[in-house]
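No hydrogens, no waters, no symmetry mates; every other heavy atom, side chains included, goes into these values. Worth saying up front: this structure is predicted, and the values here are computed from it rather than measured.
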Amino acid sequence: MDRRQLTDADNADDREGSCMTRCYAWPLTVRAGDDLMLHVSTGHRRFGIRLFRFGASVDEVPGQDLVYDGCQLPLGRPDEAWGWPRYSVTLAGSLADGIYLAVPAPAGEDDVIEPVPAGPELATRSDACLFILRRQPDSGQRTILFKLPTATYAAYNQLGGASTYAGAFWSRDWSAQGYVASLQRPGNGGVGGRVMEGDAPDVYARDSRRQVFAHWDAPFVAWLESRGYQVSYCTDFDLQYDETLLDRDALLVSAGHDEYWSAQMRRRLLEFVDRGGNVCFFAG
């Protein structure tokens with residue numbers, strides 16, 4: 001990939017107009033009882049947040065009626081936290097474990113937030129982002145834990161001009177092969193970013209790229225929940241940093257493009273199996 005391709009891709013975002021909206025959640029996993037921390041850049045003067053749970057169906061979460069003042073900022077560097085304005089979104093205590101999508105929507109002069117149609121296509125919107133709500137399981141409960149390959153999403157995310165594979169017009173004094181990619185920018189939950197160009201499309205599913213949530217993970221999640229399986233969710237970074245993550249779950253499931261594993265992630269998984277846990281990979 002050459003410099004011209006990368007520069008034109010970023011300029012395309014700048015040309016979307018004064019109402020371009022993008023967002024990212026940080027952290028990606030929200031514990032029950034905590035607020036969602038959503039970082040938003042938008043050309044809308046006033047906006048609200050539409051929330052949706054992605055499972056067997058895509059359903060809007062009711063009761064989100066707060067309106068915020070908008071602020072538009074340029075795209076950041078791909079290797080640094082973007083630091084966009086942070087908005088605290090209260091999540092109802094009754095919400096179930098699951099994968100959720102947030103979409104900032106414009107609000108009119110009367111502060112009525114515009115509707116956003118619910119459906120699987122939400123996962124392909126450039127103005128949406130993904131986050132996970134995870135509850136503390138009941139004592140002794142053993143469940144299925146589905147891991148999203150967020151490290152892969154982040155590695156291929158080119159938003160801001162580069163990915164871990166291509167850094168055509170930015171450089172630093174790296175001590176090892178490859179590039180650094182920030183986790184605090186749109187797209188690192190697999191929704192709302194831009195996948196680097198270069199790989200051939202999946203001939204069986206041309207509507208999305210392999211390295212996004214919509215391609216493999218979303219259909220698998222919908223299938224699991226439509227069959228009645230009780231599922232909780234986590235990210236790669238939960239597996240990396242949360243030493244209690246696998247204390248109770250009976251089965252960890254990985255699907256889709258799950259390419260990146262740290263030594264710590266692998267160690268935790270092997271110890272889980274040694275304690276009697278189970279792992280199932282639906283990926284190459």
Side-chain angles (χ1 to χ4, degrees), residues 1-17 20-29 37-43 71-87 101-104 123-132 148-199 208-215 217 235-238 240-241 256-262 265:
M1 180 174 301
D2 61 26
R3 173 175 180 157
R4 173 95 184 154
Q5 287 175 295
L6 284 169
T7 304
D8 284 350
D10 281 334
N11 286 342
D13 272 324
D14 295 335
R15 292 194 296 266
E16 285 184 23
M20 183 189 76
T21 298
R22 286 192 185 269
C23 64
Y24 62 94
W26 186 256
L28 282 175
T29 300
M37 298 301 172
L38 194 65
H39 297 255
V40 181
S41 172
T42 181
C71 176
Q72 188 163 36
L73 296 172
L75 303 182
R77 284 174 57 102
D79 59 326
E80 296 177 348
W82 286 18
W84 280 353
R86 185 180 70 180
Y87 301 88
L101 303 180
V103 182
T124 63
R125 289 180 62 125
S126 64
D127 58 351
C129 73
L130 178 149
F131 69 96
I132 287 173
L148 289 181
T150 43
T152 301
Y153 301 154
Y156 284 89
N157 184 10
Q158 188 180 296
L159 199 63
S163 70
T164 56
Y165 292 92
F169 67 91
W170 60 287
S171 63
R172 292 174 62 177
D173 295 327
W174 308 122
S175 60
Q177 182 180 4
Y179 297 92
V180 171
S182 170
L183 301 181
Q184 297 185 46
R185 57 177 172 152
N188 285 340
V191 177
R194 182 195 300 115
V195 179
M196 59 171 282
E197 302 298 331
D199 61 329
S208 59
R209 302 288 297 281
R210 293 182 178 90
Q211 303 88 356
V212 296
F213 170 72
H215 194 79
D217 300 289
T235 71
D236 289 321
F237 307 109
D238 295 324
Q240 169 76 18
Y241 295 111
H257 194 153
D258 194 2
E259 182 176 350
Y260 289 92
W261 287 71
S262 70
M265 291 165 60

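The shortest side-chain heavy-atom distance between P104 and T42 does not fall under the 4.5 Å cut-off.
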Applying side-chain contact (heavy atoms from CB on, under 4.5 Å), run through D199 and R209 and close with a yes or a no.
-> CA-CA 9 Å; D199 61 329; R209 302 288 297 281; 2.5 Å; yes
Report the C-alpha separation of C71 and L73 in whole Å, then their side-chain angles, then the decisive distance to 0.1 Å, and conclude whether the side-chain contact (heavy atoms from CB on, under 4.5 Å) test is met.
-> CA-CA 7 Å; C71 176; L73 296 172; 4.2 Å; yes
Step by step, work out the side-chain contact (heavy atoms from CB on, under 4.5 Å) result for F237 and T150.
-> CA-CA 8 Å; F237 307 109; T150 43; 3.4 Å; yes
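Atoms CD and CD, on E259 and Q211 in that order, are 8.0 Å from each other to the nearest 0.5 Å.
When the options D127, T124, L101 are evaluated for a side-chain contact (heavy atoms from CB on, under 4.5 Å) with V191, the one that passes is L101.
With sequence neighbours excluded, the residues that form a ring-ring contact (aromatic ring centres under 6.0 Å, His included) with Y87 are F47, Y68. Annotation: side chain to side chain contact (heavy atoms under 4.5 Å, CB included) contacts of T29 (sequence neighbours excluded): I132, R134, T235, D238. Residues satisfying the side chain to side chain donor-acceptor pair (under 3.5 Å) criterion with D258, sequence neighbours excluded, are K147, S254, W261. Legend: residues meeting side chain to side chain contact (heavy atoms under 4.5 Å, CB included) with D217, ordered by chain and number and at least two apart, are F146, L148, P149, Y153, F213, A255. Residues forming a side chain to side chain donor-acceptor pair (under 3.5 Å) with H215 (at least two apart in sequence, or on another chain): D202, S208. Partners of W82 by ring-ring contact (aromatic ring centres under 6.0 Å, His included), not counting sequence neighbours, listed by chain and number: W84. Partners of Y260 under the side chain to side chain contact (heavy atoms under 4.5 Å, CB included) rule, at least two apart in sequence or in another chain, are A151, T152, A155, Y156, T164, Y165.
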